[in-house]
Each structure stands twice: as C-alpha cells, then as structure tokens.
Amino acid sequence: MSENTARTLIRAARVLGGAPQDVLIEGETVARVGAGLDAEGAQVVEADGLVLLPGLVDLHTHLREPGREDSETVLTGTRAAAAGGFTAVHAMANTFPVADTAGVVEQVWRLGRESGYCDVQPVGAVTVGLGGRQLAELGAMHDSAAGVVVFSDDGKCVDDAVIMRRALEYVKAFDGVIAQHAQEPRLTEGAQMNEGAVSAELGLGGWPAVAEEAIIARDVLLAAHVGSRVHICHLSTAGSVELVRWAKSKGWQVTAEVTPHHLLLTDELVRSYDPVFKVNPPLRTEEDVLALREALADGTIDCVATDHAPHPHEDKDCEWGAAAMGMIGLETALSVVQHTMVDTGLLDWAGVADRMSFRPATIGRLAGHGRPVAEGEPANLTLVDPAYRGEVDPAAFASRSRNTPYRGRELPGRVTHTFLRGRATLMDGKLV
C-alpha cells in the first residue's frame, strides 16, 4: 500500500475532550469519525484516555535559520514543534539576514518543506533590516512562493507611527496583518525586568507596563483609522488586556496572543538572578498573570503563541545583565496551558483547540490547519495524554537549545502522537 493510501485508525480517542470515538485516516485526510470503525489494513493507535485535538498552530516561533544555526535550525525547531503537538508554525523574521525580501522568506519556507515535521509559514519583516525606518518588500513577500500574510519586526517595535500606518494601509490590499511587538523603546532603555516592587528591591532597570500599553493604544487606533488588521504579540499586562477588550468592543480588527510563560511565571522568579527567566516582554506580576488567564478564557486574548526563543548555552549561562532575552516553549506549551487553563477549569479541551489551533490558523490565514476533526478534513492531528505528570527534562528536548524556565518543574500532560496530513511525525512520544 503506498503512503498516499496508508490507513491509520485512532481508536477510542476523546475528540476535543468529548466522548470516545474512532477516527480513521486515509492518506492525508480524515475519512471517518464514529464508533466501531473497521480497522482492516490500518495501523491502529490505541487512544483510550487520550484527547484528540486538531494539530496545534503557533503564530510566533523563532527558528533562527538563516544565521543563528547554533541556537536552532528549521529542522531542529520543527522537530521540537512536532514533539509539542504542532503541525504548523509561523517563523519570525529576525534572522541573519533578516527575512525582509522574497528570497529569504522563500528560503525559510523551502527549508520547512524539506524538514517534513511541520508546515513553516514565514513571517516577513515590516521594515528593512528591522530598522523601523523604511517599509520592507511586503508585496513581493506576499507574492512569493511563501505567500506571506503576517508581517512583524518582532524583537523590535515599529515605533514610528507614520511607518506603522503605512504598513497597515499596505497590507489591506491582500488582507494581511501587522503583528506588533509593543514596546516603546524610549521607556525601556536599560530595562532588565518588570518595573515594580521586585525591580526596586533588586536594583534592576524597570520595564514599565505603560511601555507596552502605550503602543497598543496607538496601534489599535491606527488600525481602526485605516480599516486594517493588527495583531498584538505576547501581550503581558492587565492594562493591555483592557485596551484590547475596548478595541474589540468597537468592532475593530484587533487580535492578540499570550505566551505560556506569561500565563504561569511571575517577576518574583527574577530574585534568583537566573537568566533563564529573562525574557521580552518581561515576566510580570501575579495580578497580570491572573488577568491574562481570564482574558484568554473569555476570548479577549485570541490565542496562545509560544514565542519559542532558543539561545545557545553561552548566551544564557552568564550574569543577568549580559544574558540574552528569551525562552524556548514549543515542547512545553500544551502542558503549561493544561496546567494554567484546563486543570483550573478556565478552559475545556474544545477551548484549547480554539485558542491553540482554530484561531491562530485563522489569524495567519493558514489553509488546511485549524480545521475540525471531521470527515473530509486534512488529517493534521495531535493526541495528548492529560493524565500524565512528569518533570521537565531539557536534555530530552528536540530543540537545539535548552533555555527552558521549567527545568525540573512537574507539569501535566504529554503529547503522544502528532500527524501532519495523515503521516505520523510523533508516535508514542518519539519523533518519527
């Protein structure tokens, strides 16, 4: 039997956390969903007690290639994605060279196709070289083989209001979206952590919440003014939540994401001076964490995005002030969401599917992903064991980097299987 007609029967899976059902995959497609399906000629996956979700979609991944292959490559990053249950990731533009031309985004896109572990959708830079002063080749990147629709200078803020307005106007032509890293640079010069009681005690430069909120306020107003789409990256404060909630109440085209680490970790961890907790935007207060959880639950925040930011050992194993900002997150994202949202009763598994697959695929206009688990749909699927409990061991990660803030922490849930268009990329917890 050829690979195109291969059959896989997933038996007794809880589809979106519901009652157990069988799911038959034929080739690249879900052929049938129901009870007691015929398994003749099929590879059988016994899924009793497992939850079946649509393949997860990450709107915010740093794959580092080209230019920083010591941190991550498209191959190692997509292997990490498959291990975490993802079937598609959006690769951010802050590579070397920057993904600000059709040539670079096509290179990343082709590397993703060659890897075979998940689909890679490049994110194009908004400005040339992430410099914030001249629009990049937005139209050429959209018209390239990569078909870019999301643009971001992530890592830097598009702080010039005129440039931001022009970008929003430009992408309207093809229903694109500008994903903004909301950080007013003048308010964060020398900032090392969240500005508040802990930063004052530690004597570290503070990163005020208003530096994020001021940019969000400006950009939702700009998006409304030009009738375009803006997406807020890694939203981190309670005030940012209120701004997005207000903008959505106006009917404006505003979406937002939150990272797993901002749903769980607080600035109290910086007392350790362990650079693994140094991240942009910084870890905030417990009050912010709780506001973010509530906003994700009520839909004000549209989705979870990992902001997977790999760094080599030497960039994190140093004093706090010299350390790079960022954490890896692809392989722990679903566990953190289960811990903070499902096990707390804020979301059910259907809600997780919405926030980690349906909505990010919709925002990124990613065809074939974020689809229902139903007959005739692409077989991009993830199986998770919600009863699992285990300590996070970075040595077992598929990522090339090890800068996880969860080392040694017990987290629930484990991805056991991932299917990309019907082909297993992860089987029984092992990469295929």
Side-chain angles (χ1 to χ4, degrees), residues 1-48 50-59 78-79 81-90 109-110 112-121 145-147 149 334 349-350 352-384 415-432:
M1 188 176 290
S2 72
E3 184 179 348
N4 287 338
T5 56
R7 303 175 88 224
T8 302
L9 181 69
I10 302 172
R11 186 150 33 208
R14 295 170 53 211
V15 178
L16 272 57
Q21 295 186 84
D22 297 346
V23 176
L24 179 64
I25 301 169
E26 290 185 348
E28 299 183 354
T29 306
V30 175
R32 290 185 64 195
V33 178
L37 299 186
D38 178 22
E40 184 180 353
Q43 179 179 15
V44 177
V45 174
E46 296 294 350
D48 185 36
L50 304 185
V51 171
L52 183 64
L53 302 172
L56 306 184
V57 175
D58 191 15
L59 268 176
T78 54
R79 284 169 63 89
F86 291 88
T87 54
V89 299
H90 290 71
W109 177 73
R110 293 186 196 285
R113 286 171 66 89
E114 290 166 9
S115 85
Y117 282 93
C118 79
D119 287 346
V120 175
Q121 179 56 51
V149 295
L334 191 56
W349 285 107
V352 172
D354 180 69
R355 307 305 195 274
M356 296 188 75
S357 184
F358 299 145
R359 288 213 213 181
T362 299
I363 293 166
R365 299 296 191 261
L366 202 56
H369 293 273
R371 301 294 305 162
V373 181
E375 185 175 332
E377 295 287 355
N380 296 316
L381 303 168
T382 296
L383 274 170
V384 59
V415 176
T416 61
H417 297 72
T418 307
F419 295 91
L420 177 64
R421 285 182 291 279
R423 183 178 58 83
T425 55
L426 186 78
M427 184 72 76
D428 294 322
K430 295 181 172 59
L431 289 162
V432 178

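Remark: Asp354 engages Arg359 in a salt bridge (charged side-chain N to carboxylate O under 4.0 Å, His left out) (not counting sequence neighbours). The salt bridge (charged side-chain N to carboxylate O under 4.0 Å, His left out) search around Arg32 returns none, not counting sequence neighbours. Contacts of Glu375 classified as salt bridge (charged side-chain N to carboxylate O under 4.0 Å, His left out), with partners at least two apart in sequence or in another chain: none. For the salt bridge (charged side-chain N to carboxylate O under 4.0 Å, His left out) test, residues two or more places apart in sequence or in another chain that qualify with Glu46 are Arg11. Looking at residues two or more places apart in sequence or on another chain, you find a side chain to side chain contact (heavy atoms under 4.5 Å, CB included) between Arg421 and Glu28, Asp119, His369, Asn380. Shown here are the side chain to side chain contact (heavy atoms under 4.5 Å, CB included) partners of Thr78, two or more places apart in sequence or in another chain: Val74, Ser115, Tyr117, Cys118, Val120. Shown here are the side chain to side chain contact (heavy atoms under 4.5 Å, CB included) partners of Ala367, two or more places apart in sequence or in another chain: there are none. Annotation: side-chain hydrogen bond (donor to acceptor under 3.5 Å, both in side chains) contacts of Asp48 (sequence neighbours excluded): none. By the side-chain hydrogen bond (donor to acceptor under 3.5 Å, both in side chains) test, Gln43 is found to be paired with no residue, residues two or more places apart in sequence or in another chain being considered. Residues passing the side-chain hydrogen bond (donor to acceptor under 3.5 Å, both in side chains) test with Arg365 are Asp175, sequence neighbours excluded.
Closest of all the heavy-atom pairs between Leu9 and Ala39 is CD2-CB, 3.3 Å. Scanning both residues, Ala82 and Thr425, for their nearest heavy atoms gives CB-OG1, 3.6 Å. Between Phe358 and Gly370, the shortest heavy-atom distance links the atoms CD2-O, 3.0 Å. Looking at every heavy atom in both residues, Val373 comes nearest to Val33 through O-CG2, 4.0 Å. Looking at every heavy atom in both residues, Ala12 comes nearest to Asp22 through N-OD1, 2.9 Å. Between Ala145 and Trp109 the shortest heavy-atom distance is CB-CZ3, 3.6 Å.
Distance alone, capped at 3.5 Å, places no donor-acceptor pair between the His417 side chain and the Met427 backbone. Here the side chain of Ser357 pairs a donor or acceptor atom with the backbone of Gly55 at under 3.5 angstrom. Between the side chain of Arg371 and the backbone N or O of Pro54, no donor-acceptor pair lies under 3.5 Å.
Note that the CG atom of Leu59 and the CD1 atom of Ile363 stand 5.5 Å from one another [nearest 0.5 Å]. Atoms OG1 and CG, from Thr87 and Leu426 in turn, are 12.5 Å apart once rounded to the nearest 0.5 Å.
Of the candidates Leu52, Val51, Asp428, Leu52 is the only one forming a side-chain contact (heavy atoms from CB on, under 4.5 Å) with Leu383. No option in Leu53, Thr8, Ile10 other than Ile10 meets the side-chain contact (heavy atoms from CB on, under 4.5 Å) test with Leu381.
Under the 4.5 Å side-chain criterion, counting only non-hydrogen atoms from C-beta, Leu366 is in contact with His90. In this structure the side chain of Leu334 reaches within 4.5 angstrom of the side chain of Val352, judged on heavy atoms.
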